[in-house]
Amino acid sequence: MTSMQKLYLLVPLAPLFGAAIAGLFCRVIPRWVAHSVTILGVAVALVASWVIFKDVQAGNTFNGALYTWATSGNLKMEIGFQIDKLTVMMMMVVTSVSLMVHVYTIGYMAEDPGYNRFFSYISLFTFSMLMLVMSNNFVQLFFGWEAVGLVSYLLIGFWFKRPTAVYANLKAFLVNRVGDFGFLLGIGLIAAYAGTLNYAEVFAKREELVAMTVAGTGWPLLTAACIGLFIGAMGKSAQVPLHVWLPDSMEGPTPISALIHAATMVTAGIFMVTRMSPLFELSETALSFVLVIGATTALFMGFLGIIQNDIKRVVAYSTLSQLGYMTVALGVSAYSAAVFHLMTHAFFKALLFLGAGSVIMGMHHDQDMRNMGGLWKYMPLTWITSLIGSLALIGVPFLSGFYSKDSIIEAVHFSNIPGAGYAYFCVVAGVFITAFYSFRMYFRVFHGPENFGKAHDDHHAHGDDHHGDDDDHHDEHHGLAPGQKPHESPWVVWLPLVLLAVPSMFIGYYTIQPMLFGDWFAGIVTVLPQHDVLAKAGEHFHSAAGMAMHGFTALPFWLALGGVVLAWVMYILVPSLPGRIAPLFAPITKVLENKYFFDRFNEIVFAGGARLLGRGLWAAGDRTIIDGVLVNGSASAVGAVARLARGIQTGYIYRYAFAMVIGVCLLLVWRLGFK
Amino acid sequence: MNFPLPDFFPASAEIFVLVMACVVLLADLFKSERQGWLPYLLTLATLAGALAIQVGTAGADTTLTFSGMFVDDRLSDVLKSCLYITVFAVVVYSRDYLMARGLERGEYYLLVLFATLGMQVMISANHFLTLYLGLELLSLAIYALVALDRESARSTEAAMKYFVLGALASGLLLYGMSMIYGATGTLEISAIARKLSDPATNMDVLRFGLVFLVAGLAFKIGVVPFHMWIPDVYHGAPTAITLLIGSAPKLAGFSMAIRLLVDGLPTLAVEWQQMLMMLAVLSIALGNVVAIAQTNVKRMLAYSTISHMGFMLLGLVSGVIELRASGDIQLSYAFGSAMFYTIAYVLMSAAAFGVLLLLTRAGVEAETLDDLKGLNRRSPWFAAVLMMVMFSMAGIPFFIGFFAKLAVLQAVVAAGYLYTAVFAVMLSLIGAFFYLRVVKLMYFDEPLDTAPLVASSEMRALLSVNALAIAVIGLMPQSLLTLCATALGQAMK
């Protein structure tokens with residue numbers, strides 16, 4: 001193993017080490033040990049990632065196995081790394097956001113009894129996510145995929161005494177099983193027809209694979225496999241209709257909402273499809289499917305953000321919508337734009353989430369926006385950084401969100417695969433919606449009249465982010481008491497905000513040229529010439545500054561401005577307006593409040609159907625056949641035989657001798673009698 | 001008359017044990033009040049010394065001595081080494097129990113040494129007479145040991161039953177031997193094997209004798225329908241004696257089967273394999289099923305023994321014997337699997353009875369399932385030991401019992417008896433119930449007796465080593481499997 005390979009190994013193992021120390025000894029070690037060891041682990045991973053980043057930039061990539069885990073027939077299962085520019089970019093994003101979240105957690109979880117456990121989980125998550133992005137084969141990808149899912153499950157249910165949290169993590173678990181089912185089918189198809197699980201070997205066979213059909217059905221193999229893989233991505237990256245778990249995942253503590261459910265894990269699907277671009281490119285059907293799903297998610301999940309009153313849920317729906325944008329980019333073969341948006345989004349969405357967490361702390365664990373307002377005076381750092389995050393999100397020129405989102409819109413504009421027209425409408429309309437809900441939240445939280453400190457009894461109805469494990473002081477910690485003022489958070493909380501605000505502003509400006517129009521992803525992302533929308537967009541691109549200047553005159557900017565102005569009018573200028581126009585939109589509001597009835601539909605059709613099926617199988621199969629005949633039947637049969645044999649064992653010696661003599665006689669007759 | 005002095009060297013371990021047995025007798029006679037530990041230590045020293053001699057004199061060659069009546073080969077080296085270790089453990093485990101009941105007297109040690117000597121002779125027998133001599137020496141010593149507690153009606157009854165039935169079985173065995181002698185004109189095992197290919201030999205007489213040989217053997221290792229003494233004797237004997245009966249003699253029994261059947265009557269393999277198959281299947285069925293109905297742990301382990309010996313026989317049944325042109329015999333690995341199974345069983349059995357002995361103390365016999373309840377509260381480590389033993393006996397990976405079962409089943413399937421293998425697995429599953437019940441009682445029930453365990457530290461240590469051996473060999477079974485296979489292969493040359 002060369003020294004670079006050791007360094008590759010160090011990146012995932014350092015957080016794993018921290019997780020193991022904090023997790024195995026969580027009951028004995030003091031808090032400062034738990035957070036020091038995990039932060040050290042992630043910091044080591046970040047530094048190592050940086051060294052690898054520089055090394056890759058110098059042209060040293062790596063693709064190979066470090067260890068053969070199992071061999072089954074001709075199928076080799078290996079632990080291997082593929083280190084290229086896509087990987088190092090993801091490694092940098094994961095480790096840097098993770099480090100910010102680790103530091104932030106010191107402040108956010110300070111009062112929680114599960115402090116050490118929490119640090120163990122987030123470090124374990126970092127390890128899993130790194131294994132996922134560094135993998136060079138499907139088995140390890142699947143391992144990472146499931147491991148991040150596991151940690152997500154554990155963290156959504158972190159406050160496991162709250163029924164809503166348990167419900168939410170169960171929901172996330174079940175919905176992700178649906179996605180994983182498709183994912184496994186996709187991997188299975190590839191393994192069956194390509195005979196290998198290694199990315200490079202599969203890609204080398206793609207010309208053969210494209211001619212194949214799935215035996216017995218006539219479906220084109222690559223289309224079936226890619227749609228299968230994408231269903232996996234839909235589960236993990238929360239695309240309609242498998243998105244239902246993500247809003248509920250806000251039951252988890254805010255730092256993980258930022259790390260897992262905004263910046264990294266939910267983008268695993270985007271990353272995976274980008275990795276698989278050589279396969280997806282060969283199936284226009286799969287690309288169209290991806291495009292339509294992404295466009296639907298981008299627009300319709302944005303609508304839901306408008307009616308939320310819980311600050312975290314607004315950000316959650318915004319995440320869904322932004323994930324939709326990335327998926328749209330994948331659908332039009334603008335993989336680089338998807339990953340570019342993934343990166344910028346990771347920074348500004350983590351910033352928004354951590355900012356929301358800071359507000360929640362300032363509000364003493366009240367997260368209902370109706371109780372906020374005018375916080376800018378009390379929490380200046382949170383205010384400024386949240387404003388930066390919101391401006392980046394809505395795509396104000398020069399900020400990083402502008403570059404990535406505008407590139408996607410441009411790419412869709414140039415695409416002509418089926419569904420591109422619909423997608424273009426969705427992403428452009430989405431800009432207005434995004435601006436509206438983002439600034440609705442911003443104005444209600446930071447400006448306008450101060451609504452906190454009033455007696456409010458209805459907070460139990462909302463998913464308050466209070467620390468559920470310590471019942472002795474949670475009542476007094478629940479929202480601000482009358483007359484109490486919000487306060488700025490401690491430095492461990494605001495420092496990550498400031499550090500995240502920097503890339504939220506500038507990273508797009510500095511990286512758009514190499515990532516989108518340069519050769520950063522050359523050889524990693526494969527795009528057929530007829531799909532190459534980014535090249536067409538690139539003809540109009542001259543410089544990052546020029547693009548921003550041009551942005552001021554383009555339609556998206558004016559739509560965004562319109563959204564902001566509308567929010568300003570409705571929540572600052574004429575605060576009574578929403579109440580007055582509400583009756584006009586009552587039917588739409590009802591649909592939105594019920595989240596398009598997805599949950600109700602799932603509950604009735606899938607949950608109800610599954611329960612019905614289960615009850616039927618239980619009554620017919622389990623109770624009658626298995627319990628009745630097999631289990632109890634065989635048990636009573638065995639018991640009867642045992643009692644019989646016990647009856648023969650009387651203790652009389654003559655019977656024993658008799659049995660022996662009979663035995664000898666039978667043997668004699670058997671062996672000699674029939675000759 | 002010319003009477004050359006035989007070569008004593010191959011039998012030096014036997015001679016050492018015999019001399020030391022006499023020394024123990026004298027030491028017991030002349031020891032002072034304060035030297036109560038003397039016979040105990042001398043016995044342990046004897047066993048350790050015998051092991052050292054056995055290992056020290058072990059050679060690659062097969063040596064015959066005493067006019068071809070005694071053989072010293074690789075097989076006997078391996079089996080005897082296991083034998084000394086087992087008896088050593090038995091003596092250590094038993095001492096506290098016997099002392100608490102006033103049974104720890106010189107006779108015990110003397111009889112144990114004579115039983116050991118009998119087993120040594122059986123293992124090295126190359127002649128029907130030597131084999132019978134060893135068997136009787138072993139049996140007589142054990143009859144006396146079962147009745148060691150003369151005050152106990154149950155023990156004396158068990159001894160009486162064992163003695164009468166054992167005499168019957170000896171009669172059957174001797175009758176079979178005489179038939180074989182009648183057909184072949186010799187009692188020397190290797191000579192009998194050579195005679196078999198002689199067309200003048202009367203095969204019907206041989207077959208007739210074979211039935212009686214198999215019956216005698218079946219009694220000794222205790223398989224259905226010659227098993228009925230086992231539950232009563234295991235139950236009736238003091239637990240320390242049950243431990244002895246339930247462990248070391250299985251090694252001698254295995255050796256007896258190999259010497260009599262594989263060495264002596266290889267060309268009749270079809271005959272005795274058919275018989276043993278029947279006995280094995282019956283034993284596995286009866287042992288596993290009836291054990292479920294037992295409430296007494298000793299009886300439960302007795303039935304468990306019956307099923308385990310049935311399993312061991314399956315290995316013998318699956319073996320293929322090939323006669324080479326050179327006169328050598330080629331054996332398939334199935335016999336090795338049977339040997340591995342025997343050694344594995346002895347290890348597990350010693351540990352299981354060892355834990356039972358650990359639970360007893362003055363005036364308290366631990367032998368019903370209720371006595372095991374909540375053992376985890378009283379001693380987590382020894383509950384874990386017993387759990388390992390039970391898992392291993394049930395054949396749960398990765399303990400030694402799993403690989404023993406696996407090796408035998410592989411041999412059975414390779415020999416083409418697929419349905420027998422399926423049947424054996426099904427009944428092992430049924431049998432898993434009563435092993436796991438013990439685990440459940442130990443971990444999930446409230447203890448009835450909360451007194452702390454009293455045991456000497458050497459017993460605790462040795463029992464722990466015993467349990468670790470079950471686990472460690474379970475993780476790395478290959479070297480022992482190879483040892484068994486090569487020992488058998490070499491013995492047949």
Side-chain angles (χ1 to χ4, degrees), chain A residues 24-28 67-73 77 79 143 621-675, chain B residues 154 157-158 160-165 167-169 171-172 175-176 203-205 207-208 210-212 214-216 218-219 223-232 235-236 268 270-272 274-275 278-279 282 285-294 299 302-303 426-427 429-431 433-434:
Chain A
L24 295 177
F25 307 108
C26 70
R27 286 179 198 282
V28 287
Y67 172 71
T68 304
W69 176 53
T71 310
S72 160
M77 302 191 185
I79 309 289
F143 164 78
D622 226 57
R623 211 170 35 178
T624 316
I625 297 178
I626 296 180
D627 280 1
V629 179
L630 293 178
V631 175
N632 295 334
S634 55
S636 54
V638 165
V641 172
R643 275 192 299 279
L644 182 73
R646 214 179 160 191
I648 297 173
Q649 191 83 24
T650 51
Y652 292 118
I653 197 166
Y654 68 89
R655 292 215 180 164
Y656 293 6
F658 188 63
M660 287 170 67
V661 173
I662 293 283
V664 170
C665 291
L666 286 180
L667 282 179
L668 276 177
V669 171
W670 178 39
R671 296 321 303 173
L672 298 167
F674 303 113
K675 289 278 152 35
Chain B
R154 207 173 65 180
E157 182 193 325
M160 202 61 196
K161 276 183 195 160
Y162 191 20
F163 177 66
V164 172
L165 295 174
L168 178 62
L172 294 174
Y175 188 61
M203 293 313 266
D204 281 339
V205 177
R207 269 199 217 98
F208 186 76
L210 178 63
V211 171
F212 287 91
V214 167
F219 177 84
V223 287
V224 178
F226 306 95
H227 69 285
M228 299 191 92
W229 62 276
I230 290 206
D232 287 12
H235 184 196
L268 283 178
V270 185
E271 291 289 327
W272 52 258
Q274 295 265 331
M275 284 189 254
M278 184 56 68
L279 302 183
L282 287 175
L286 183 122
N288 278 317
V289 170
V290 181
I292 291 176
Q294 305 304 322
R299 281 190 98 84
Y303 283 103
M426 300 269 294
L427 280 152
L429 270 181
I430 293 178
F433 168 78
F434 61 84

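Proteins come first, then strands; the chains are lettered A, B, ... in the order of their sequence lines, and each starts at number 1.
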What part of B:A169 is in contact with chain A, defined as an atom under 4.5 angstrom from a non-hydrogen atom: side chain, backbone, both or neither? both
Quick check for you: to the nearest 0.5 Å, what is the distance between A:L667 atom CG and B:Q274 atom CD? 11.5 Å
Show the nearest heavy-atom pair for residues A:Y656 and B:K161, with the distance to one decimal. CE2-CD, 4.2 Å
State, yes or no, whether a side-chain contact exists between B:F212 and A:L668 at a heavy-atom distance under 4.5 Å. yes
Taking B:R299, B:M228, B:M278 one by one, which has the highest count of heavy-atom pairs under 4.5 Å against chain A? B:M228
Counting heavy-atom pairs under 4.5 Å with chain A, the top scorer among B:V164, B:V290, B:I292, B:D232 is B:D232
For B:F219, is it the side chain, the backbone, both, or neither that has a heavy atom closer than 4.5 Å to a heavy atom of chain A? side chain
What's the separation between atom CZ in B:F226 and atom CD1 in A:I662, rounded to the nearest 0.5 Å? 10.5 Å
Value rounded to 0.5 Å, distance of CE in B:M275 from CG in A:L666: 12.5 Å
Within 6.0 Å of CZ in B:F163, more than 12 heavy atoms from elsewhere: no
Using non-hydrogen atoms and a 4.5 Å limit, figure out which bit of B:M160 sits close to chain A: side chain, backbone, both or neither. backbone
Considering non-hydrogen atoms only, spot the tightest contact between A:R671 and B:R207 and give its length. O-CD, 4.4 Å
For B:V211 and A:V664, work out which heavy atoms get closest and say how close. CG1-O, 3.9 Å
Over all heavy atoms of both residues, which pair between B:P225 and A:G663 is shortest? Give the atoms and the distance, please. CG-CA, 3.8 Å
Considering only heavy atoms and a distance below 4.5 Å, find which of B:P231, B:A218, B:A215 pairs most often with chain A. B:P231
Please state whether the side chain, the backbone, both or neither of B:L210 comes within less than 4.5 Å of a heavy atom of chain A. neither
Chain A heavy atoms under 4.5 Å from B:L286: which part of the residue, side chain, backbone, both or neither? side chain
Can you tell me how far the CG atom of B:L165 sits from the CE atom of A:M660, to the nearest 0.5 Å? 6.0 Å
